[in-house]
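Report on one structure; see the data block that follows.
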Amino acid sequence: MSGKSGTDTMPTGTTSGTPQVLLAHHLKQLKLPTVLREYDKVARECAREGVDHPRYLLRLIELELIDRERRTIERRIKAARFPAVKSLDTFDFTAIASLNKMLVLELARCEFILRRENVIALGNSGTGKSHVALALGLAACQKGLTVTFTTAAALVHQLMEARDERRLLKQQRDLQAVQLLIVDELGYVPLSPTGAELLFEVFSQRYERGSTIVTSNLPFEDWTSVLGSERLTGALLDRLTHHVHILTMNGDSYRLKQSAGQRRAAAARAEQNQATAETVDPDTGEITDP
């Protein structure tokens with residue numbers, strides 16, 4: 001009997017066959033696509049630099065971890081169903097003087113989500129409420145948290161559809177489980193009594209269990225016009241505002257100002273093009289069209 005144990009025997013793949021083919025097969029089985037893609041290039045770099053085997057392996061594993069985290073964040077963003085991916089880097093804080101910039105930047109650290117606190121952004125249309133909500137949702141995805149984005153009207157529609165199809169409990173459990181729920185545009189569309197009750201149930205079930213961001217173009221005192229019941233509105237606000245950060249975002253419409261700026265820029269370009277197209281008559285010195 002041989003004195004060698006089974007662990008002393010080298011795997012056959014290291015001594016026979018085509019190593020590149022076997023390595024590719026094993027790395028695919030282990031779900032290490034970045035190692036598969038980068039191992040040869042990194043090996044050549046390490047050979048030139050005189051890097052030893054442990055550091056070569058460390059480089060490969062670090063690349064795999066970085067790429068894996070990137071893919072995970074992409075999956076979270078896709079699962080959140082954002083209508084657009086926006087960050088605070090592209091938000092013009094100077095356009096909305098009423099907005100507390102320091103509070104927004106603090107919220108972007110996402111600690112409020114871990115504390116299960118809420119955020120409500122109030123202001124007239126076009127002041128960037130959705131942009132801020134989307135940016136906070138993106139920050140949460142990057143922090144490894146689960147996010148769902150929806151409008152109030154779409155959420156109510158989904159809940160009523162789920163109720164009619166006898167899957168309301170599952171829909172409610174899914175909404176309760178997500179760490180950050182963003183409900184955009186509350187107040188743009190009046191809700192039916194049934195829809196208002198279903199929306200209230202979502203907020204109630206998430207109370208102190210998960211964080212919710214709500215954006216609305218209406219002040220709190222006008223929410224009854226959307227929910228249709230003072231009693232329901234009072235109960236909903238009681239839960240939403242118990243642990244809450246209020247973002248006041250009143251001011252001129254950012255979209256209207258941006259549109260006006262684009263029109264002015266287009267007019268300026270047209271004038272410049274017209275001036276460029278004009279020529280000077282060499283005989284008379286007069287400016288004429290070509």
Side-chain angles (χ1 to χ4, degrees), residues 69-70 72-155 178-189 203 206 210-220 222-223 240-241 243-266 268:
E69 177 60 20
R70 178 189 59 78
T72 301
I73 291 172
E74 289 175 352
R75 286 195 296 271
R76 292 193 202 105
I77 292 172
K78 184 177 180 180
R81 297 183 179 179
F82 297 131
V85 177
K86 296 189 176 183
S87 70
L88 291 178
D89 294 338
T90 58
F91 185 80
D92 185 5
F93 284 95
T94 62
I96 309 297
S98 63
L99 180 60
N100 186 335
K101 179 179 178 179
M102 295 307 297
L103 175 56
V104 175
L105 296 179
E106 174 63 25
L107 292 172
R109 297 173 59 187
C110 299
E111 293 178 2
F112 79 96
I113 302 174
L114 303 179
R115 297 191 297 266
R116 298 178 178 85
E117 297 168 349
N118 300 324
V119 176
I120 301 178
L122 300 175
N124 48 295
S125 180
T127 53
K129 300 183 298 296
S130 297
H131 188 143
V132 170
L134 287 166
L136 294 179
L138 175 62
C141 288
Q142 293 169 336
K143 294 285 186 180
L145 303 171
T146 56
V147 182
T148 292
F149 180 97
T150 182
T151 64
L155 177 57
V178 71
Q179 290 171 289
L180 176 63
L181 174 65
I182 302 174
V183 180
D184 198 25
E185 298 181 347
L186 179 64
Y188 286 81
V189 179
F203 291 138
R206 290 185 57 78
S211 292
T212 304
I213 296 178
V214 178
T215 74
S216 178
N217 63 323
L218 298 176
F220 291 137
D222 292 341
W223 282 26
L240 275 181
T241 60
H243 309 288
V244 72
H245 303 275
I246 305 292
L247 300 179
T248 303
M249 301 182 65
N250 287 309
D252 296 332
S253 171
Y254 178 75
R255 285 192 292 268
L256 289 178
K257 286 196 293 184
Q258 190 178 47
S259 177
Q262 290 171 346
R263 288 197 299 273
R264 287 194 296 270

With distance as the sole test, does [X] use its side chain to make a donor-acceptor pair with the main-chain N or O of [Y] at under 3.5 Å?
| X | Y | result |
| --- | --- | --- |
| Thr151 | Asp184 | no |
| Ser216 | Leu186 | yes |
| Ser211 | Glu117 | yes |
| Thr248 | Ser98 | no |
| Asn217 | Ser125 | no |
| Lys129 | Asn124 | yes |
| Thr215 | Ser130 | no |

Task: Contact list for residues 76-85, test side-chain hydrogen bond (donor to acceptor under 3.5 Å, both in side chains), sequence neighbours left out - done: none

Does [X] reach the side chain of [Y], with side-chain heavy atoms less than 4.5 Å apart?
| X | Y | value |
| --- | --- | --- |
| Leu134 | Phe91 | no |
| Thr127 | Leu99 | no |
| Leu247 | Leu107 | yes |
| Phe93 | Leu88 | yes |
| Thr72 | Arg75 | yes |

How close do [X] and [Y] get, counting heavy atoms only, and between which atoms?
| X | Y | answer |
| --- | --- | --- |
| Ser87 | Ala135 | C-CB, 3.7 Å |
| Ile120 | Leu122 | CG2-CD2, 3.7 Å |
| Val104 | Leu136 | O-CD2, 4.0 Å |
| Ile182 | Ala133 | CD1-O, 3.4 Å |
| His245 | Arg115 | NE2-NH2, 4.3 Å |
| Ala140 | Val147 | CB-CG2, 3.6 Å |

Would you compute the distance between atom [atom1] of [X] and atom [atom2] of [Y] and round it to the nearest 0.5 angstrom?
| X | Y | atom1 | atom2 | answer |
| --- | --- | --- | --- | --- |
| Ile77 | Glu74 | CD1 | CD | 7.0 Å |
| Leu181 | Ile113 | CG | CD1 | 11.0 Å |
| Leu114 | Lys143 | CG | NZ | 9.5 Å |
| Leu180 | Arg206 | CG | CZ | 7.0 Å |
| Ile246 | Phe220 | CD1 | CZ | 4.0 Å |
| Thr148 | Phe82 | OG1 | CZ | 8.5 Å |

